[in-house]
Amino acid sequence: MHAYRTHTCGQLRKADVGKTVRLSGWVNRRRDHGGLIFIDLRDHYGITQCVITPENPAFAAVDTARSEWVLTFTGKVVDRLEGTVNADLPTGEVELRIEAVTVQGKAQELPLPVFGDQEYPEDTRLTYRFLDLRRERLHKNIMLRANIITSLRRRMIEQGFTEFQTPILTASSPEGARDFLVPSRRYPGQFYALPQAPQQFKQLIMVAGFDRYFQIAPCFRDEDGRADRSPGEFYQLDLEMSFVTQDDVFAAVAPVLAGVFAEFANGKTVTPHDQFPRIPYAEAMLKYGTDKPDIRNPIEIVDVSAVFARDDVEFKAFKAKTVRAIPAPGAGPQPRSFFDKLNQWARGEGAAGLGYILFEDENGALVGKGPIAKFIPPAALAEMAKIAGSKAGDALFFSADAKADRAANIAGQARTRLGRELNLIPQDEYKFCWIVDFPMYEWNEDEKKIDFSHNPFSMPQFDRDAFMALDKADKDTILNIKAYQYDIVCNGYELSSGAIRNHDPDVMLKAFEIAGYAREETEEKFKGMLNAFRHGAPPHGGTAPGIDRIVMLLAGEENLREVTMFPMTQSAQDLLMNAPSPANNKQLKELHLRVVYPEK
RNA sequence: GGGGGCGUAGCUCAGUUGGUUAGAGUGACGGCCUGUCACGCCGUAGGUCGCGGGUUCGAGCCCCGUCGCUCCCGCCA
């Protein structure tokens, strides 16, 4: 007989009755009846109830066992007595009659009980991650993650993609997030950087004549975390293709994502891969106030600046401002506190507040109620209702600001809050969309200059010759240039960001020149890439869906830590392994480093 | 870097306007119990109220500072 087990704890069934078997696992739960002890033995595969009575010589040993001890039981599989079958357990028709026990590992009193679904504080969970991972929720999530990654790999390979590895110790990339640096021992004062993404490598792979690359790629960014953004490191399904248009990339990626979502959606509906709506960036900012809209939320923001600009509308606070209206269907009957709360929230966000109008029916006519209704005469009110599609019983909130993007942003957040509080967001759907036509550049008001708006390596949607001829005087034209850049958004989470790349070295130099980088500077910083582009670069493009967020959505979790095996805290510490930690003097000396602590 | 929330027994939490000896559940330990599956019953131990300072006759509670976790803003091409 095997030293530890003949079966797993999830395996035994009625057909095994009569067999002598050996099980190993953790004590999930112990029920001591004095003359009868039940032990629920748990392993990766399941739980089996084991039972022992005092006449057995092993009884004393079993009697001492406590939660989370690791035991090996040898005994006979028996039918459960009439009426004691546990329908909740796959193994619930049988139990193990213990004949011998070996204690493989004892456990101290638990700082974090494994049994039960009690919530525990984050630092306790992270310090004792190995215990937390034994618990059903995390154990299930981590297995889901593994299965999703397996499925993604299979789907990519089926589509003709090949997985290649790219370096982890590499060069700092000059734009984007803060790098993690690794000091060089052999080159004093010089540093490797961990890749923020394999961006340049995957482009070089295309230049190198491979096609259809993918990688489950670790990415490192030294930026602060959020619930949906791990500090430090995360994984992307990184992919790149040669000789493709934007449509080709869409056609390759959407089936993989829609497919993997459908596979693990657990009954929720998923947008079919050929029906992801394509929403231009500008439209998204107007209708949803964000570039990652949750399109399950039926609310659509409209611009009503023109209504407040009318001569017959006297509301001075909204004059000469961008005014966005957020329809709140059916919000009319909400109590006053509902409106006050939203208003208070908006003030907390730095807005002047959220004005609102309630539409009511008076003898067949639509009238406005609420604090600012008296400033809006019937004709203007009717125009507003028409634009917003409002009817009696609805409310309309207003976000106004001299800066259009601020008005849009507050409106977007209000839309999300209203959708949640009015229960307008269906919980049984995964709704995908593409956000397309991102602007190539944006105006930096602080420094009075043109900046890249998103990805500097994207191909501008512009005639090549005309682009090459642009100069500073063409500011308005430049700020209107779109890029072949696109995001995939699902239920309000940005799942992936990608682009058709700029593979033309002259256009690339020009693009950087427009953003204020001298030619020599660009040449120096992207020497490798530009050099490659000068030796025969194919048109190429790709994208990189975030694995962690995909798993988070499919697990129904709202925090990435719940789908990460060994996550760090929000402040980027590993409480289990105790990282970061100081280097000793020998290490520092070898690396030619001296630590200068910040002044207090 | 900034704002909000939290921090009391191993764990999860309660703790009234500032007032006697800081409680409960769970876990631990001991006792009883042969059919439970969150087993039940009885008992015992267990506290730097995150830490430091202040106000007060008196602080878990009020004030100041600080640390930790968390959510958000900044940041994340």
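Every value quoted in this text rests on a predicted model; they were computed, and no experiment measured them. To find a chain, count down the sequence lines: A is the first, B the second, and so on, and within it residues start at 1.
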**Student:** Do nucleotides 7-12 of chain B as a string where each nucleotide becomes B, S or -: B if the base has a protein heavy atom under 4.0 Å, S if just the sugar-phosphate does, - if no protein is that close.
**Tutor:** ---BSS
**Student:** Expressed in whole Å, how much space separates the P atoms belonging to B:C32 and B:G10?
**Tutor:**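 These two P atoms come out 28 Å apart once rounded.
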**Student:** Taking the six-membered ring for Trp, are A:Phe512 and A:Phe526 parallel (under 30°), tilted (30 to 60°) or perpendicular (over 60°)?
**Tutor:**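 If you compare the ring of A:Phe512 with that of A:Phe526, the planes turn out tilted.
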**Student:** If we take the P atom in both B:G4 and B:U20, what is their distance in whole Å?
**Tutor:**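 One P to the other, the span is 32 Å.
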**Student:** What's the closest nucleotide to the side chain of A:His33 if the choices are B:G30, B:U34, B:C75?
**Tutor:**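 Nearest to the side-chain atoms of A:His33, counting from C-beta on, is B:U34.
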**Student:** I'd like the C1' distance from B:G52 over to B:C72, given in whole Å.
**Tutor:**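 Straight-line distance between the two C1' atoms is 29 Å.
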**Student:** Start with the C-alpha gap between A:Arg519 and A:Leu509, add the side-chain angles, then the distance that decides, and say whether side chain to side chain contact (heavy atoms under 4.5 Å, CB included) holds.
**Tutor:** CA-CA 6 Å; A:Arg519 283 185 83 89; A:Leu509 284 168; 3.2 Å; yes
**Student:** Could you check which of B:U34, B:G35, B:C69 has an atom nearest any side-chain atom of A:Glu55?
**Tutor:**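 For A:Glu55, the side-chain atoms sit closest to B:U34.
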**Student:** Between the protein and nucleotides 40-44 of chain B, which nitrogen or oxygen pairs are less than 3.5 angstrom apart?
**Tutor:**
none

**Student:** For B:U12 versus B:A28, give the span between their P atoms, rounded off to a whole number of Å.
**Tutor:**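 Comparing P positions in B:U12 and B:A28 gives a spacing of 16 Å.
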**Student:** When you measure from the side chain of A:Arg29, which nucleotide among B:A38, B:U70, B:C76 comes out closest?
**Tutor:**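 Looking only at heavy atoms from C-beta outward on A:Arg29, the closest nucleotide is B:A38.
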**Student:** Using the C1' atom as the point on both nucleotides, what is the distance between B:C6 and B:C13, in whole Å?
**Tutor:**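 Looking at atom C1' only, B:C13 and B:C6 are 13 Å apart.
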**Student:** Choose from B:U70, B:C75, B:G30 the nucleotide whose nearest atom is closest to any side-chain atom of A:Arg229.
**Tutor:**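 The listed nucleotide nearest to A:Arg229's side chain is B:C75.
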**Student:** Using the criterion of both pairing distances under 3.5 Å for Watson-Crick and G-U wobble pairs, give all stems of 3 or more consecutive pairs involving RNA chain B.
**Tutor:**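 RNA chain B forms these stems: B:1-7 with B:67-73, B:10-13 with B:23-26, B:28-32 with B:40-44, B:50-54 with B:62-66.
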**Student:** Suppose you measure atom C1' in B:A45 against the same atom in B:G31; what distance do you get, rounded to whole Å?
**Tutor:**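 My reading of the C1' atoms in B:A45 and B:G31 gives 15 Å.
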**Student:** Quote, to the nearest angstrom, the C1' distance that separates B:C61 from B:U17.
**Tutor:**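 Comparing C1' positions in B:C61 and B:U17 gives a spacing of 10 Å.
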**Student:** Under 4.0 Å: is that the gap between some side-chain N or O of A:Gln108 and OP1 or OP2 of B:G27?
**Tutor:**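 No, outside the criterion.
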